[in-house]
Amino acid sequence: MKRLFLAIVLASALTTTGVAVASFSSGTYTGKTAQGLNIRLKVTNHGRCGSSKAPCLVRASYRANYNCATDDNTTQKAMNQLTKLGPTKVVHGKIKATYAAGDTDHIVLKATLRGHKITGSVRERYVVEHDNGTSTVCFSGTVTFTARR
């Protein structure tokens with residue numbers, strides 16, 4: 001009787017502590033965005049990523065095309081631009097991160113990690129200040145992606 005009680009208490013304690021098993025594999029995932037450009041994400045289930053404890057995104061890099069508009073409403077395209085992102089946490093197999101560099105750059109990364117696959121989206125807006133006092137605002141729109149290990 002004591003063994004049965006101890007087993008029930010132990011099982012109950014394990015289920016209520018919130019110990020989560022990682023639902024994705026550590027390593028580097030590579031893939032393509034909906035724009036047909038490269039994306040690469042490195043994730044880990046062990047250790048640290050900067051100030052975040054694992055599980056976490058160690059780093060990411062992607063290429064995207066942007067629609068840009070100048071102060072005088074001239075439009076242009078910025079094609080195949082590389083962006084690199086630093087570490088952020090993974091919570092319940094999901095990434096929801098915002099990266100900002102002052103008022104000039106704003107990036108939102110959302111992703112779901114399952115097994116050997118990451119699906120998600122990235123959205124970026126950046127501003128280029130020109131020497132003549134004008135500026136150009138570029139926006140990627142929401143770009144979806146799939147990457148595999």
Side-chain angles (χ1 to χ4, degrees), residues 10-149:
L10 182 58
S12 175
L14 288 174
T15 58
T16 59
T17 58
V19 176
V21 177
S23 62
F24 64 92
S25 299
S26 292
T28 301
Y29 292 70
T30 58
K32 295 284 185 184
T33 68
Q35 295 176 339
L37 301 172
N38 295 331
I39 187 161
R40 182 180 182 102
L41 305 101
K42 183 174 183 181
V43 295
T44 186
N45 288 319
H46 313 290
R48 298 187 74 77
C49 304
S51 62
S52 298
K53 268 181 77 175
C56 49
L57 171 74
V58 177
R59 66 181 159 269
S61 63
Y62 65 92
R63 292 190 173 272
N65 298 325
Y66 300 83
N67 292 313
C68 303
T70 60
D71 288 340
D72 64 358
N73 292 327
T74 305
T75 59
Q76 58 191 31
K77 300 243 183 223
M79 306 301 282
N80 202 17
Q81 299 294 306
L82 176 64
T83 300
K84 294 182 179 182
L85 303 176
T88 193
K89 60 187 173 182
V90 175
V91 179
H92 303 295
K94 294 187 183 291
I95 298 170
K96 291 182 182 177
T98 300
Y99 298 85
D103 292 336
T104 61
D105 203 357
H106 185 85
I107 303 165
V108 177
L109 171 66
K110 295 180 181 178
T112 301
L113 297 79
R114 281 202 188 95
H116 295 280
K117 181 177 171 183
I118 300 176
T119 57
S121 66
V122 64
R123 185 176 72 237
E124 182 173 6
R125 177 193 167 275
Y126 68 91
V127 179
V128 178
E129 300 290 341
H130 303 289
D131 292 337
N132 64 2
T134 63
S135 62
T136 302
V137 178
C138 298
F139 186 66
S140 67
T142 300
V143 180
T144 59
F145 65 85
T146 301
R148 297 181 193 284
R149 187 159 181 263

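- Applying the 6.0 Å contact sphere to CG of Asp72 captures more than 12 heavy atoms from other residues, nucleotides or ligands.
- Sorted by first and then second residue, the disulfide bond (SG atoms under 2.5 Å apart) pairs involving residues 60-139 (not counting sequence neighbours) are Cys68-Cys138.
- Looking at Leu37 and Asn65, their side chains come closer than 4.5 Å, going by heavy atoms from C-beta outward.
- Annotation for Arg148: atom CZ does not count as buried by contact number, only 12 or fewer foreign heavy atoms lying within 6.0 Å.
- Note that OH of Tyr29 is 12.0 Å distant from NZ of Lys117, once rounded to the nearest 0.5 Å.
- Sorted by first and then second residue, the disulfide bond (SG atoms under 2.5 Å apart) pairs with a member in residues 89-130 form an empty list; sequence neighbours excluded.
- Checked by atom type and distance alone, the side chain of Tyr99 pairs as donor or acceptor with a backbone atom of Gly86 at under 3.5 Å.
- A distance of 7.5 Å separates CD of Gln35 from CE of Met79, quoted to the nearest 0.5 Å.
- Taken to the nearest 0.5 Å, the CG atom of Asn38 stands 13.5 Å off from the OH atom of Tyr62.
- If you take CG on Leu85 and CD1 on Ile39, they are separated by 8.0 Å, rounding to the nearest 0.5 Å.
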side-chain contact (heavy atoms from CB on, under 4.5 Å) for Asp71 and His130? Distances and angles first, verdict last.
CA-CA 11 Å; Asp71 288 340; His130 303 289; over 6 Å; no
Quick one: side chains of residues 100-112, donor-acceptor pairs under 3.5 Å with protein atoms, not counting sequence neighbours, listed by atom name and distance.
| unit_1 | atom_1 | unit_2 | atom_2 | d |
| --- | --- | --- | --- | --- |
| Thr104 | OG1 | Ala101 | O | 2.9 |
| Thr112 | OG1 | Lys94 | NZ | 3.4 |

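- In this structure, Arg63 contributes its side chain and Asn80 its backbone to a donor-acceptor pair below 3.5 Å.
- Here the closest non-hydrogen pair linking Ser25 and Val43 is O-CG2, 3.7 Å.
- At least one donor-acceptor pair under 3.5 Å links the side chain of Ser26 to the backbone N or O of Asn45.
- Legend: residues meeting side-chain contact (heavy atoms from CB on, under 4.5 Å) with Asn67, ordered by chain and number and at least two apart, are Lys77.
- Listed by first then second residue, pairs satisfying disulfide bond (SG atoms under 2.5 Å apart) with a partner in residues 27-57 read Cys49-Cys56, not counting sequence neighbours.
- Not counting sequence neighbours, the partners of Tyr126 by the ring-ring contact (aromatic ring centres under 6.0 Å, His included) test are Tyr66.
- Atom CZ of Arg40 is surrounded by 12 or fewer heavy atoms from other residues, nucleotides or ligands within 6.0 Å.
- To the nearest 0.5 Å, atom OG1 of residue Thr98 and atom NZ of residue Lys96 are 11.0 Å apart.
- Interatomic distance, NZ of Lys42 versus OG1 of Thr30, reported as 13.5 Å (0.5 Å rounding).
- Listed for the Ser121 side chain is no donor-acceptor partner under 3.5 Å among the backbone atoms of Thr142.
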side-chain contact (heavy atoms from CB on, under 4.5 Å), that's the test. Do Ile95 and Thr88 meet it? Break it down for me.
CA-CA 8 Å; Ile95 298 170; Thr88 193; 3.8 Å; yes
